[in-house]
Protein chains: 2
Amino acid sequence: MSVYVPPTVTVDGIIFQLISDKLHVLLLQRARDPFKGEWALPGGYNPRGETTRQALSRILKVKTGIDTDSQLEILEQLHTFDDVSRDPRGHAIAIAYLGLGYDIRLGGEETQNPTFFPVDNLPKLAYDHDEIIAYALKHLQTKVVQTNILYAMLPPSFTFTQLQMAYEAVLLRTLDKRNFRKRIMNLELIKETGQVEKQGAHRPAKLFAFVHTTPWEIEDTLS
Amino acid sequence: MSVYVPPTVTVDGIIFQLISDKLHVLLLQRARDPFKGEWALPGGYNPRGETTRQALSRILKVKTGIDTDSQLEILEQLHTFDDVSRDPRGHAIAIAYLGLGYDIRLGGEETQNPTFFPVDNLPKLAYDHDEIIAYALKHLQTKVVQTNILYAMLPPSFTFTQLQMAYEAVLLRTLDKRNFRKRIMNLELIKETGQVEKQGAHRPAKLFAFVHTTPWEIEDTLS
DNA sequence: ACAAAAGTGTTAAGAATACACCCATGT
DNA sequence: ACATGGGTGTATTCTTAACACTTTTGT
């Protein structure tokens, strides 16, 4: 016990946001070796005394300017990646978090060029971050179908079309408009706000809001 | 970076098994302080150079006699628990694994009285292990409905009644026999083996086997 | 009047639920 | 013959899936 040496403990954030109706993920350019100049997920060391969430919050603030409390609607633990050789400097485990928001503003002090990339067109990535993003995306897709998690990626009010495009952006496929509306409506996932959005040379769109803006599960069946 | 001190890294196993048609979880009695004499999940330190899975495998072998490769059909990472105060000795994070098997034999070298307890009647537990078990159970319940994960908790062939009792044991509620059979059948989750089990003063039961004995997801809908 | 996006309904097939009796065997 | 668990069917309701036209507005 006295000679116990733990692996390095790191945290990484996979921060998703919709931009122009496409799903984007936040990356930054590494300032130092290893992988200097390459794109990577925001992350860093988790020292003793700090929870993983606290560590990630601190790191995101410094490296990207994101204030997790005010700008991320959801920040939930995803998975711990622990391949012994994932970091060339030596054994480091990474606790990955999924972060979602709808109007994330960037620009930190010690900023490392934080940039949102569309998930279907990512640059070459450092470490095993391609795997981590793939894992996070799959998780997000599952959650989108089974929960109200999309509240975290849309503004407080939105049109039905915006909602559908959000689903499509996350699922990376198209949905039938009429069936989609019926389904969402009888899940009682959203409600009308009474407002409309007039925009452009066409019929104005009703504005909706999520009924619940905290995590909520669509229940499973089984007699 | 040179003064970076990581938290202690530990791993814990939540090993479930069905015994007499009830869901049980493996606990052992702590040999040392803290919590000496109390019941706890099997677990221990994860040193640098060992993956979490390797560490847990090693620890389970020593403390419970379980050979993870041959006795656990599933051993999958669950969640990382990282409250700063969860260990009275100082900041220690625990990577928890869910383990499932159907004929787990106990008895290690340095054994600490490993015992399967029914999940609805657990003793007082050390650390935050009650929370961890609750988390694992909820996860298992979700998986049971959405995947074929129960293959890991049943022998290679079994009767339909055994299968239903397994579902009921995990979900902690009863299911309708006819509807259950219909549902399982048209999911094509299991197939007849052609064998029957003659046992007791009643009609013999057909024996079934899972179609897939590797993880498999029941797909979600969404037009 | 036209362009542009919003909004809406029906039918058919499949899945979920509620519910009770007959079947094959051992003693 | 009886006790024991194995095995089966139907009617109803709800959900899913496929599919195309009308409405409201700005220019």
Side-chain angles (χ1 to χ4, degrees), chain A residues 18 20-22 144-148 154-155 157-169 171 173-209 217-223, chain B residues 18 20-22 141-142 144-148 154-155 157-169 171 173-209 217-223:
Chain A
L18 296 167
S20 317
D21 301 312
K22 297 205 67 174
V144 151
V145 175
Q146 291 175 1
T147 75
N148 67 340
L154 285 166
S157 80
F158 48 84
T159 67
F160 227 132
T161 301
Q162 273 181 282
L163 180 67
Q164 183 173 343
M165 290 200 293
Y167 273 87
E168 292 179 343
L171 296 175
R173 64 195 175 87
T174 58
L175 300 171
D176 178 86
K177 182 161 64 159
R178 283 170 294 183
N179 292 339
F180 176 75
R181 287 178 182 227
K182 256 181 297 179
R183 183 187 148 93
I184 297 296
M185 277 316 192
N186 78 21
L187 287 175
E188 295 178 352
L189 211 59
I190 63 173
K191 58 181 187 223
E192 292 193 22
T193 62
Q195 311 288 103
V196 295
E197 182 184 74
K198 293 203 186 207
Q199 192 187 79
H202 57 82
R203 180 168 174 175
K206 288 183 190 166
L207 286 168
F208 294 84
E217 312 238 325
I218 296 167
E219 71 276 351
D220 276 307
T221 56
L222 204 65
S223 49
Chain B
L18 296 167
S20 318
D21 301 311
K22 296 205 68 174
Q141 290 174 333
T142 303
V144 152
V145 175
Q146 290 174 2
T147 75
N148 67 339
L154 285 166
S157 81
F158 47 85
T159 67
F160 226 130
T161 300
Q162 273 181 281
L163 180 66
Q164 183 173 343
M165 290 200 293
Y167 273 87
E168 292 178 343
L171 296 175
R173 63 195 176 87
T174 58
L175 299 171
D176 178 88
K177 182 160 64 158
R178 282 169 295 184
N179 293 338
F180 176 75
R181 286 177 183 226
K182 255 182 299 180
R183 183 188 147 92
I184 297 297
M185 276 317 192
N186 79 22
L187 287 175
E188 295 179 353
L189 211 59
I190 61 173
K191 58 180 188 225
E192 292 192 21
T193 62
Q195 310 289 103
V196 295
E197 183 185 72
K198 293 204 188 207
Q199 192 187 78
H202 55 81
R203 181 170 173 177
K206 289 182 190 168
L207 286 168
F208 295 84
E217 312 237 325
I218 296 167
E219 72 276 350
D220 276 309
T221 56
L222 204 65
S223 49

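What you see below is based on every heavy atom in this structure, not just the backbone, and it leaves out hydrogens, waters and symmetry mates. In what follows, chains are A, B, ... by sequence order, proteins preceding strands, each numbered from 1.
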Seminar exercise, completed: Rounded to the nearest 0.5 Å, the CZ atom of B:Phe160 sits from the CE atom of B:Met185 at a distance of 4.5 Å
Problem set entry | Value in whole Å for how far the P atom of C:dA4 lies from CD of A:Glu197 | 18 Å
Exercise. Can you tell me how far C1' of C:dA6 sits from CZ of A:Phe158, to the nearest Å?
Worked result: 16 Å
Exercise. B:Gln199 CD to C:dT27 C1': how many Å, rounded?
Worked result: 16 Å
Exercise. Hey, can you pull the residues of residues 186-194 of chain A with a non-hydrogen atom under 4.0 angstrom from DNA chain D?
Worked result: none
Exercise. D:dA17 P sits how many Å from A:Arg181 CZ, rounded?
Worked result: 18 Å
Seminar exercise, completed: Across all chains, not counting sequence neighbours, the side-chain contact (heavy atoms from CB on, under 4.5 Å) partners of A:Lys191 are A:Val211
For this session: In whole angstrom, give the distance that lies between atom CZ of B:Phe180 and atom C1' of C:dC19.
Result: 18 Å
Exercise. Whole-Å distance between C:dC23 C1' and B:Lys206 NZ?
Worked result: 12 Å
Seminar exercise, completed: d(A:Phe208 CZ, A:Arg181 CZ) to nearest 0.5 Å is 7.0 Å
Exercise. OP1 or OP2 of C:dA5 less than 4.0 angstrom from a side-chain nitrogen or oxygen of A:Thr161, does that happen here?
Worked result: no
Exercise. Looking at side-chain heavy atoms only, is the closest gap between B:Val145 and B:Leu171 below 4.5 Å?
Worked result: yes
Seminar exercise, completed: Rounded to the nearest 0.5 Å, the CG atom of A:Leu154 sits from the OH atom of A:Tyr167 at a distance of 9.0 Å
For this session: Round to the nearest Å and state the distance from A:Met185 atom CE to C:dG9 atom P.
Result: 13 Å
Problem set entry | Between CG on residue B:Asn148 and CG on residue B:Leu187, distance to nearest 0.5 Å | 10.5 Å
Problem set entry | B:Gln164 side chain to B:Leu175 backbone, donor-acceptor under 3.5 Å | yes
For this session: Summarise protein proximity over nucleotides 19-27 of chain D in one line of letters, 5' to 3': B for base, S for sugar-phosphate only, - for none, counting protein heavy atoms closer than 4.0 Å.
Result: BB--BBBB-
Problem set entry | Separation between OG of B:Ser157 and CD of B:Gln162, rounded to the nearest 0.5 Å | 8.0 Å
Problem set entry | Separation of C:dA15 C1' from B:Ile218 CD1 (nearest whole Å) | 13 Å
Exercise. Are any side-chain N or O atoms of A:Thr193 and backbone N or O atoms of A:Leu207, one a donor and one an acceptor, separated by less than 3.5 Å?
Worked result: yes
